[in-house]
Each structure stands twice: as C-alpha cells, then as structure tokens.
S.K.: 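Sharing a structure below in structure tokens format, with a few things to ask.
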Amino acid sequence: MEFTTKLSDTMNYLNKKLDVDGNFDLVYRTFYVAGREACIYYIEGFTKGEVWQKLMEAFASITPDVMPPDAHEFSKKLLPYSQVGLVKDEEAMIKQLLAGISCLFIDGYDKCFTLDCRSYPVRGVAEPEKDKVLRGSRDGFVETLTFNTALIRRRIRDPKLTIEIMNMGESSHTDIAVCYFKGRVDDKLLTTIKDRINKLHVDALTMNQESLAECIYPYKWYNPFPKFKYSERPDTAAASLLEGNIIILVDNSPSAMILPSSVFDIIEEADDYYFPPITGTYLRLSRLIISIFTLYLTPLWLLFMQNPDMIPDWLRFIRLSEEPQVPLLFQLLILEFAIDGLRLAAVNTPSMLTTPLSVIAGIVMGEYSVKSGWFNSETMLYMAFVTVANYSQSSFELGYAFKFIRMMLLVLTALLNVWGFMIGFILSICAVVFNRTIAGKSYIYPLIPLHLSELRKRLFRGRLPHKEKQS
C-alpha cells in the first residue's frame with residue numbers, strides 16, 4: 001500500500017497493521033506542524049529523546065506560509081536533521097520502524113519521513129574474553145552492527161574499504177554487513193557470497209553467524225574442520241581485510257566471520273604480530289606443534305600400551321605403573337566426555353563460584369578417581385595435557401575438529417591395533433588434504449599445492465614490508 005495525502009487514513013491503517021494498542025513499546029504521538037496534523041511512530045527504547053525534543057522546538061517555529069508543496073522540499077528546508085529518508089509504501093516503512101528508525105507523517109504529504117535517531121542498548125567495547133592478547137589493543141566487537149563497522153573504519157581510513165548492508169530473514173530482517181577492500185578482494189568469490197545471501201529465504205537467523213554460515217555454505221557434515229574463522233577482535237578483522245579477505249558482520253553478534261579461511265588462517269593469532277618477528281615465529285610454530293600433539297598424543301600412547309614391545313628404550317617410562325581396572329579406551333573416552341561436561345558446567349556456573357568449584361572438581365575428580373581405580377594416573381596426565389593444550393589456539397571449532405578426529409583414532413586403534421591407527425592417521429590427513437575453503441581452494445594452501453614463498457610467510461613471522469617515501 002502506498003501512502004496518501006490524508007493523514008487520518010494512513011493512521012487508521014497503520015494502527016491496525018501495527019496493533020499499537022496491543023504493543024506497549026510501539027508508540028505513536030500526534031501534534032501539529034504549521035497548523036497541519038502530524039504523527040510520529042517509534043519504538044520505545046530505540047529512540048533518542050533529546051533529538052525529538054529539538055525537532056519539536058524547530059517544528060513549533062514553522063508558519064503555514066513557508067510550508068512547501070511536497071515532502072521532498074520539506075525535508076530539505078524545514079527538517080533540521082541529517083539522517084532523513086523518504087518512504088512511500090507501508091512495507092518499507094514498517095521494516096524501518098521495527099529496526100528502530102522513527103517515522104514521521106504530516107497531513108498533506110504522501111510520503112513518510114524516516115529519521116535515524118536510534119540509540120541501541122549496548123555494552124562497552126571491552127577486550128573479548130576468548131581472543132585475549134598479551135600485547136595490543138584491548139577493544140572488541142559488540143552486539144551492535146554500527147559500532148563494529150566503526151571499529152574497523154577507525155583502523156582502515158581508506159575509501160577502498162567498502163561496507164555493504166544487506167538484509168536477511170522473513171521475520172527477523174537481520175542486518176548483515178559485507179566488508180571488503182576493493183582491488184584486493186577476490187571479486188568472483190565476493191559476487192558468489194552476495195548472490196547466495198540475496199537468494200536465501202529463511203525465517204530468521206536464530207543463531208546469528210552460524211545460521212548464516214550453514215545457509216551460504218552447506219558443506220559436508222562428516223568433515224569437522226571449520227570453513228570460517230571467527231574473531232571478536234577488530235584488529236584481526238582489519239588485518240584480514242587488508243589481506244584480501246571478506247568480513248561478514250551480523251547484527252546482534254559480537255564476532256566477525258572471516259572468509260575464505262584455510263587451516264593456517266585459523267591457527268594464526270594477533271599475538272603473532274604484536275611481538276618481534278622471532279618471538280612471533282616461536283609462538284606460531286609452538287601453537288602449530290602443540291595442536292598436532294593434541295591430535296595424536298593419546299591415540300599413539302594407546303597404541304604403545306597395546307604393543308609394549310614397540311616402545312623404544314628411551315620411552316620406557318610411559319608404561320603403566322599399575323594394571324588398569326577399566327580398559328584404557330574407555331578411560332580415555334570417559335575423560336573426553338567428562339572434560340566437556342566440566343566445560344559446560346563452568347559456563348553455567350556463577351562467576352564468583354567458578355574458581356573454587358574448579359579447584360574442588362580438579363582435586364576430587366583427579367585424585368579420588370585414580371585412587372578408586374577408575375583411571376590410571378598416566379591416563380589422567382595425558383588427557384590433562386590434551387585439555388590444556390586445546391586452549392593454545394582460540395578457535396573452538398578447530399578444537400572440536402581435533403577432538404572428533406582424536407576420538408575416531410582412539411576407537412580405530414583399540415579395535416584394529418596398528419592397522420587401526422594407520423587407517424585413522426590416513427583418514428585424518430585426508431580430512432585436511434581433500435578439504436576445500438569456501439573459495440574452492442586447498443584447505444592447506446600453500447602446502448598443497450606447494451608454494452614455498454607463501455609457506456614461509458605462513459610458518460615464519462616476517463618483518464612488516466615497507467619502503468621509504470621519496471623526498
């Protein structure tokens with residue numbers, strides 16, 4: 001429906017359509033501008049009251065003889081506000097109203113004035129809990145989209161940085177920002193991503209970025225390795241943009257989705273660049289080696305325990321000190337599930353009780369489970385290392401991918417012994433080698449296909465490239 005010049009008809013229609021009597025937070029107010037009746041619709045909690053107070057003062061000074069004949073002239077001459085739009089149909093007006101934009105109608109004009117004077121409830125841009133760094137900036141993304149784009153703009157002051165706004169969800173109408181750097185981005189991938197978002201028809205993005213990721217790239221469920229990198233750090237997002245990546249921000253989500261992402265991209269962290277090259281290289285290589293250890297340590301130890309004759313002399317100390325009361329496979333699997341149970345319990349535990357309960361759980365479950373015969377002390381030791389080492393990299397998705405592969409290796413090793421470990425090892429390698437990024441490239445590029453100069457950059461933190469200005 002398109003609006004008419006008769007305000008009473010427009011108000012009667014909108015009041016029924018919006019159910020203003022049933023929604024306490026949907027407010028409308030009538031007043032007069034130069035003798036003409038006017039009405040404003042807005043959502044309580046989204047609007048800056050001081051802005052409308054100033055506008056009301058400006059409207060009170062308008063006389064009938066200066067009123068222009070059309071809405072466009074009125075917005076230019078008599079509406080003292082910068083972010084003003086004109087809408088002529090109710091569908092577009094309702095969509096903007098429910099997004100927090102105030103809508104003004106004046107009798108005699110057949111268009112709606114949309115004024116973006118939103119004030120979202122927000123939290124501070126504090127350092128994210130997960131993506132902490134030893135050095136560097138301490139701000140992080142929040143749930144408000146405009147704040148997140150501002151944090152990126154603050155770091156990249158270049159007109160080639162483009163941030164396009166899109167909308168998705170039949171009911172939620174969630175705002176999605178697609179950010180890229182012109183001249184560096186893969187244009188073919190960018191077009192593909194935008195086309196997929198535009199063609200999607202879903203009711204709502206109930207899980208924010210995860211819902212969007214599953215919609216735009218429905219990859220095979222049996223390969224657990226993540227196709228996207230998530231970061232709550234604006235400096236990481238800005239660096240990725242300068243490298244030619246695409247950043248997707250979703251309203252109500254405090255993290256950026258970075259694509260395309262290979263396994264080397266996901267393992268990288270901001271600390272690699274906030275320290276000198278030699279320190280950054282050490283941190284990066286340590287993280288990579290520790291991640292490999294978390295994947296193969298317990299399956300390899302289980303293989304040695306099943307074949308004691310394979311243990312070399314210099315590793316004799318890894319043998320069990322006592323006979324296991326519970327088969328080692330079950331011990332390791334029980335601990336895998338128990339660790340996740342403790343992690344979930346820590347999430348739901350009040351913050352003031354997290355530390356004491358963690359200490360109690362560690363002492364009771366660690367000490368007494370060994371004394372009771374449920375677990376061997378060696379099993380507890382290796383699983384403790386795997387658990388702590390999982391936090392050496394910040395990606396939850398990659399950590400769980402390693403966990404699922406590790407559990408598959410444990411089961412195959414227990415069932416088929418040496419052959420089982422070899423089959424599991426080959427499957428784990430294939431899961432990475434035959435994986436593809438969202439751009440269709442190798443998941444472990446530049447290792448496959450081999451590109452030595454790029455591989456050196458991935459493994460070793462080099463100096464920032466620079467050149468002196470010509471005087």
Side-chain angles (χ1 to χ4, degrees), residues 85 87 89 91-92 94-96 98-99 101 141 143-146 148-149 152-153 156 158-231 234 236-263 265-266 395 397 434-445:
V87 175
D89 65 275
E91 183 178 352
I94 291 176
K95 184 182 293 185
Q96 294 198 42
L98 296 178
I101 294 176
F141 289 131
E143 288 75 14
T144 307
L145 184 63
T146 53
N148 294 341
T149 55
I152 294 177
R153 286 281 186 191
I156 304 178
D158 194 303
K160 293 181 182 179
L161 172 62
T162 305
I163 302 178
E164 296 185 22
I165 192 72
M166 308 179 79
N167 197 273
M168 188 175 173
E170 298 294 332
S171 297
S172 64
H173 296 291
T174 306
D175 290 327
I176 300 170
V178 180
C179 315
Y180 57 94
F181 199 95
K182 288 182 180 178
R184 303 185 185 184
V185 70
D186 183 345
D187 293 316
K188 184 179 178 181
L189 175 62
L190 177 63
T191 303
T192 302
I193 294 299
K194 291 196 291 186
D195 288 344
R196 288 182 182 178
I197 294 176
N198 286 324
K199 292 177 181 178
L200 287 175
H201 295 285
V202 295
D203 185 57
L205 294 180
T206 53
M207 297 176 291
N208 295 326
Q209 287 173 325
E210 179 58 28
S211 299
L212 180 63
E214 292 178 7
C215 290
I216 64 176
Y217 191 68
Y219 55 88
K220 298 178 177 63
W221 63 269
Y222 52 79
N223 194 323
F225 286 95
K227 301 297 187 298
F228 306 95
K229 179 179 179 178
Y230 298 94
S231 178
T236 300
S240 298
L241 284 168
L242 294 173
E243 291 173 358
N245 295 86
I246 300 171
I247 302 295
I248 296 181
L249 302 171
V250 180
D251 197 22
N252 299 310
S253 175
S255 61
M257 185 163 61
I258 304 172
L259 58 144
S261 296
S262 67
V263 69
D265 295 318
I266 296 172
S395 174
E397 293 80 11
F434 293 106
N435 205 354
R436 288 287 182 269
T437 67
I438 192 172
K441 297 180 179 179
S442 172
Y443 194 61
I444 55 173
Y445 174 81

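The first residue in the sequence is number 1, and the count goes up from there.
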S.K.: Tell me every residue that passes side-chain hydrogen bond (donor to acceptor under 3.5 Å, both in side chains) with N435, counting only those two or more places apart in sequence or in another chain.
M.R.: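 By the side-chain hydrogen bond (donor to acceptor under 3.5 Å, both in side chains) rule, N435 matches K227.
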S.K.: Holding to salt bridge (charged side-chain N to carboxylate O under 4.0 Å, His left out), I want the full list of residues that pass it with E397, two or more places apart in sequence or in another chain.
M.R.: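 E397 satisfies salt bridge (charged side-chain N to carboxylate O under 4.0 Å, His left out) with no other residue.
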S.K.: The criterion is side-chain hydrogen bond (donor to acceptor under 3.5 Å, both in side chains); which residues satisfy it with Q96, sequence neighbours excluded?
M.R.: none
S.K.: Taking side-chain contact (heavy atoms from CB on, under 4.5 Å) as the test, write out the residues that go with E170, two or more places apart.
M.R.: H201, D203
S.K.: Can you list every pair that meets salt bridge (Lys or Arg N to Asp or Glu O under 4.0 Å) and has a residue in residues 171-188, with sequence neighbours left out?
M.R.: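 Applying salt bridge (Lys or Arg N to Asp or Glu O under 4.0 Å) to every pair that reaches into residues 171-188, excluding sequence neighbours, yields nothing.
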S.K.: Could you check whether any side-chain N or O of D251 sits under 3.5 Å from a backbone N or O of L145, counting only pairs where one atom can act as donor and the other as acceptor?
M.R.: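 Present.
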S.K.: Taking the side chain as every heavy atom from C-beta outward, state whether K95 and V87 have any atom pair closer than 4.5 Å.
M.R.: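 Counting from C-beta outward, K95 and V87 never come under 4.5 Å.
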S.K.: Nearest heavy-atom pair of F228 and I266: which atoms, and what distance?
M.R.: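 Where F228 meets I266 most closely, the heavy atoms are O-CD1, 4.1 Å.
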S.K.: Could I get the full list of side-chain contact (heavy atoms from CB on, under 4.5 Å) partners for L98, not counting sequence neighbours?
M.R.: I43, I94
S.K.: Which pairs of donor and acceptor atoms, one on a side chain in residues 236-245, lie under 3.5 Å apart (sequence neighbours left out)?
M.R.:
residue : atom : partner : partner atom : Å
S240    : OG   : T236    : O            : 3.0
N245    : ND2  : P260    : O            : 2.9

S.K.: Within the 4.5 Å heavy-atom criterion, are T174 and L212 side-chain neighbours or not?
M.R.: no
S.K.: Closest approach of L249 and C179, non-hydrogen atoms and distance?
M.R.: CD1-SG, 4.1 Å
S.K.: Between CG of N198 and CD1 of I193, what distance do you get to the nearest 0.5 Å?
M.R.: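 So the gap between those two atoms works out to 11.5 Å.
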S.K.: With rounding to the nearest 0.5 Å, note down the distance linking OH in Y180 to CG in L189.
M.R.: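 So the OH of Y180 and the CG of L189 are separated by 12.5 Å.
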S.K.: For the residue pair I258 and S231, what are the closest heavy atoms and their distance?
M.R.: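 Smallest heavy-atom distance, with atoms named: CD1-CB, 4.2 Å.
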S.K.: For T191, enumerate each residue passing the side-chain hydrogen bond (donor to acceptor under 3.5 Å, both in side chains) test, keeping only those at least two apart in sequence or located in another chain.
M.R.: none
S.K.: Can you confirm whether T192 sits close enough to I438 that some side-chain heavy atom of one is under 4.5 Å from a side-chain heavy atom of the other?
M.R.: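 In short, these two side chains do not touch, never coming nearer than 4.5 Å.
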S.K.: For the residue pair M257 and I216, what are the closest heavy atoms and their distance?
M.R.: CE-CD1, 4.4 Å
S.K.: Is there side-chain contact between S395 and Y230, with heavy atoms separated by less than 4.5 Å?
M.R.: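 No; the side chains remain at least 4.5 Å from each other.
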S.K.: Among T162, I247, I246, D158, find the one that has a side-chain contact (heavy atoms from CB on, under 4.5 Å) with F181.
M.R.: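 So the option named by the test is D158.
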S.K.: Compare every heavy atom of M168 with every heavy atom of V202, then report the nearest pair and how far apart it is.
M.R.: CG2-CE, 3.7 Å
S.K.: What residues form a side-chain hydrogen bond (donor to acceptor under 3.5 Å, both in side chains) with S261, not counting sequence neighbours?
M.R.: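 Partners of S261 under the side-chain hydrogen bond (donor to acceptor under 3.5 Å, both in side chains) test: none.
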S.K.: Going by side-chain contact (heavy atoms from CB on, under 4.5 Å), name the residues that satisfy it together with S211, two or more places apart in sequence or in a different chain.
M.R.: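 Residues passing side-chain contact (heavy atoms from CB on, under 4.5 Å) with S211: L205, T206, M207.
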S.K.: Mind checking the CG-CG spacing from L190 to L259? Nearest 0.5 Å is all I need.
M.R.: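 Rounded to the nearest 0.5 Å, the CG-CG separation comes out at 9.5 Å.
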S.K.: How would you list, by chain and number, every residue that makes a side-chain contact (heavy atoms from CB on, under 4.5 Å) with R436, sequence neighbours excluded?
M.R.: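 S442.
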S.K.: Mind checking what makes salt bridge (charged side-chain N to carboxylate O under 4.0 Å, His left out) contact with D265, not counting sequence neighbours?
M.R.: R458
